[in-house]
Amino acid sequence: HRNSVDNLIDGLVSNGALSQALLDRSYRFNSPDNPASVLRALSPRVEAEGEASMDQVSLDVNGPWFALPGGDSQLALGVEWSTDALRNDPDERMLSGDIALGAQKSRVDDRRHGGSFYAELTMPFTSWLHADAAWRIDHRQGYGSDDSPMFGVKWMPTQSLTVRGT
């Protein structure tokens, strides 16, 4: 997935050009006779461009593993890889603070990688007692790793009552 942006922004004021125009008296407030070159310098077109992307690949397999009295056990395994990237390239005048009342901008060009592995096993011991076991490991560059184990039991003593615990 990718998103790109290219903004051309008009109507902002250059602090440097305004200071220079006031010092050399080339700009007069409320005057219809200000030169076009001075007006262009006072309000230059600025450009901000960037791109954000997210690439992800996953591989999953699942199916029956071995037989139990309550039915076949089910095993699921999966692996995922991802890369996120962000690039922000604002106009040099925005970076230097030359634009009056403009939001502070910074240049960014970064990417992060991540990956995950998971395994899940469902075991129907009988028609009224099932167990689930799962484990997931996630790693994210800059954040570290985390693992998430899970074990659950489902007991169905009657058709109208199910007790679950994890």
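None of these values were measured; they are calculated from a predicted model.
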Note, [X] side chain near [Y] side chain (heavy atom, < 4.5 Å):
X	Y	result
Ile99	Asn15	no
Thr166	Met150	yes
Met156	Val163	no
Ile9	Glu47	no
Arg93	Leu95	no

| query | Can you pull the side-chain hydrogen bond (donor to acceptor under 3.5 Å, both in side chains) pairs that have at least one residue in residues 28-39, sequence neighbours excluded? | reply |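 Matches after skipping sequence neighbours: none remain.
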Straight-line distance of [X] [atom1] to [Y] [atom2], nearest 0.5 Å:
X	Y	atom1	atom2	result
Leu161	Thr158	CG	OG1	4.5 Å
Asn88	Glu49	CG	CD	9.5 Å
Asp98	Leu18	CG	CG	10.0 Å
Asp55	Trp81	CG	CH2	14.0 Å

Only distances under 3.5 Å count here; give the side-chain donor-acceptor pairs of residues 115-124 to other protein atoms, sequence neighbours excluded, each with its distance to 0.1 Å.
from, atom 1, to, atom 2, distance (Å)
Ser116, OG, Arg136, NH2, 3.3
Ser116, OG, Asp138, OD1, 2.4
Tyr118, OH, Asp60, OD1, 2.8
Thr122, OG1, Asp132, OD1, 3.1

**Q.** Nearest atoms (heavy-atom pairs only) where Ala41 meets Ser14
**A.**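 Answer, listing the atom of Ala41 first, then Ser14: O-CB, 3.7 Å.
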Least distance between heavy atoms, Ala21 atom then Leu42 atom: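 Nearest heavy atoms, Ala21 then Leu42: CB-CD2, 4.3 Å.
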Would you check if the side chain of Ser43 reaches a backbone N or O of Leu12 as a donor-acceptor pair within less than 3.5 Å?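 Yes.
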Taking side-chain hydrogen bond (donor to acceptor under 3.5 Å, both in side chains) as the criterion, tell me which of His1, Arg111, Arg2 meets it with Ser53.
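Checked His1, Arg111, Arg2 against Ser53; only one passes side-chain hydrogen bond (donor to acceptor under 3.5 Å, both in side chains): Arg2.
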### Message
Test of understanding: with salt bridge (charged side-chain N to carboxylate O under 4.0 Å, His left out), list the residues that count as partners of Asp10, not counting sequence neighbours.
### Response
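Residues passing salt bridge (charged side-chain N to carboxylate O under 4.0 Å, His left out) with Asp10: Arg45.
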**Q.** Salt-bridge present (Glu92, Arg107; N to O < 4.0 Å)
**A.**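 Result for this pair is yes, salt bridge flagged.
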Please table the atom pairs, donor to acceptor, closer than 3.5 Å between any side-chain atom in residues 66-78 and protein atoms at least two apart or in another chain.
from, atom 1, to, atom 2, distance (Å)
Ser73, OG, Phe66, N, 3.0
Ser73, OG, Phe66, O, 2.9

Expected list for residues 139-149: side-chain donor-acceptor pairs under 3.5 angstrom, two or more places apart:
from, atom 1, to, atom 2, distance (Å)
His139, ND1, Gly144, O, 3.4
His139, ND1, Ser145, OG, 2.7
Arg140, NH1, Ser82, OG, 3.4
Arg140, NH2, Asp84, OD2, 2.2
Gln141, OE1, His113, N, 2.9
Asp147, OD2, Trp135, NE1, 3.4

Verify the cluster assignment for Val5 and Leu86: are they in a single hydrophobic cluster under the rule of side-chain heavy atoms below 4.5 Å apart?
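No, separate clusters.
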Check: Going hydrophobic residue to hydrophobic residue with side-chain gaps under 4.5 angstrom, can you get from Val79 over to Ile137?
Finding: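 In one cluster: no.
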How would you list all residue pairs meeting ring-ring contact (aromatic ring centres under 6.0 Å, His included) that involve residues 12-44, not counting sequence neighbours?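 Pairs touching residues 12-44 that pass the test: Tyr27-Phe29.
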query: Where do Thr162 and Lys154 land on the side-chain contact (heavy atoms from CB on, under 4.5 Å) test, with the steps shown first?
result: CA-CA 7 Å; Thr162 300; Lys154 181 166 82 170; 3.6 Å; yes
